Amino acid sequence: MNTSTSTAQLMAADLCNRLESLLLETEEKNEPLEMDPYRSQLFELFVTADATGYTADDSEPDLSADGLCKVLAERWELGNAAKESVAQQTRMSPEQLSRMRLLWSMMRMWMEWTYAWKRYPEFRNQTTGQG
């Protein structure tokens, strides 16, 4: 692994850790991620991730909504919990469901921001008369 790869991996890991901390804080306080101050903090993490270029399709490291969901779902063992729930035909625990909802909320906002960020120059040029 070269220096730029290891730096990228460290930066991605730091962003994932900060994102996880933010999500767990909202869960602990039983407050919605979609409301400030959490929404603003999440958006700041998104802007940082986007500035690295890692929110793009097929980026490595992958800080897209799907990539982050995969990392956090693995950390929280949600895949195993879902498989067990189906296999045993039981409900997931309230904690696991709460974390799945957090991931869905995060992913929805992250995907919306990714889309808007990608399309912004196109519409910015139309409204300013440039381009």
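Since we're looking at a predicted model, the values are computed, not measured. Only heavy atoms go into these numbers, but all of them, side chains included; no hydrogens, no water, no symmetry mates.
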Open item on the list: Determine whether a donor-acceptor pair (N or O, by modelled atom type, separation under 3.5 Å) exists between the side chain of S105 and the backbone of R101.
Closed with: yes
- [ ] Supply the atom-to-atom distance L42 CG to D36 CG, rounded to the nearest 0.5 angstrom.
- [x] 10.5 Å
Task: From Q41 atom CD to R18 atom CZ, the distance as rounded to the nearest 0.5 Å - done: 10.0 Å
Open item on the list: Quick check: closest heavy atoms across L102 and L23, and the distance to 0.1 Å?
Closed with: CD1-O, 3.4 Å
- [ ] Kindly indicate whether the side chain of T52, heavy atoms from C-beta on, has any atom under 4.5 Å from the side chain of S59.
- [x] no
TODO: Measure the acute angle between the ring planes of F46 and W113, then classify it against the limits of 30° and 60° as parallel, tilted or perpendicular.
DONE: tilted
Open item on the list: Once rounded to the nearest 0.5 Å, what's the spacing between atom CG of L78 and atom CD of E95?
Closed with: 9.0 Å
Task: 4.5 Å side-chain heavy-atom contact, E60 and Q9 - done: yes
Open item on the list: Applying side-chain hydrogen bond (donor to acceptor under 3.5 Å, both in side chains) to E31 and T26, what does each step give before you reach the verdict?
Closed with: CA-CA 5 Å; E31 294 182 3; T26 66; over 6 Å; no
TODO: Quick one: pull up CG in L72 and CE in M107 and give me the separation to the nearest 0.5 Å.
DONE: 10.5 Å
TODO: Show the numbers, then the answer: is there a side chain to side chain contact (heavy atoms under 4.5 Å, CB included) between M111 and Y115?
DONE: CA-CA 6 Å; M111 286 186 292; Y115 179 79; over 6 Å; no
Task: Pair W76, E20: side-chain N/O donor-acceptor within cut-off below 3.5 Å - done: yes
Task: Non-hydrogen side-chain atoms of L33 and E25 separated by less than 4.5 Å - done: no
- [ ] Check whether more than 12 heavy atoms from other residues, nucleotides or ligands sit under 6.0 Å from atom CG of N30, and answer yes or no.
- [x] no
- [ ] Would you name the heavy atoms of E27 and S98 that are closest together and state the gap between them?
- [x] OE2-OG, 3.1 Å
Open item on the list: Assess the residue pair S64 and D62 against the criterion (side-chain hydrogen bond (donor to acceptor under 3.5 Å, both in side chains)); give the C-alpha distance rounded to whole Å, side-chain angles, the decisive distance to 0.1 Å, and a yes or no.
Closed with: CA-CA 6 Å; S64 68; D62 183 359; 2.6 Å; yes
Task: CE/M109: more than 12 non-hydrogen atoms of other groups inside 6.0 Å - done: yes
- [ ] Find out if a path of hydrophobic residues (ILVMFWY) with successive side-chain heavy-atom gaps under 4.5 Å connects W104 to V71.
- [x] no
Open item on the list: Quick check: closest heavy atoms across M106 and A65, and the distance to 0.1 Å?
Closed with: CE-O, 4.5 Å
- [ ] Please round to the nearest 0.5 Å and tell me the distance separating atom CZ of R39 and atom CG of L22.
- [x] 12.5 Å
- [ ] For W110 and T55, indicate whether the former's side chain and the latter's backbone hold a donor-acceptor pair under 3.5 Å.
- [x] no
Open item on the list: Could you measure the distance from the CG atom of L24 to the NZ atom of K29? Nearest 0.5 Å is fine.
Closed with: 12.5 Å
- [ ] Show your reasoning for whether side chain to side chain contact (heavy atoms under 4.5 Å, CB included) applies to Y54 and L15.
- [x] CA-CA 11 Å; Y54 302 143; L15 282 165; 5.9 Å; no
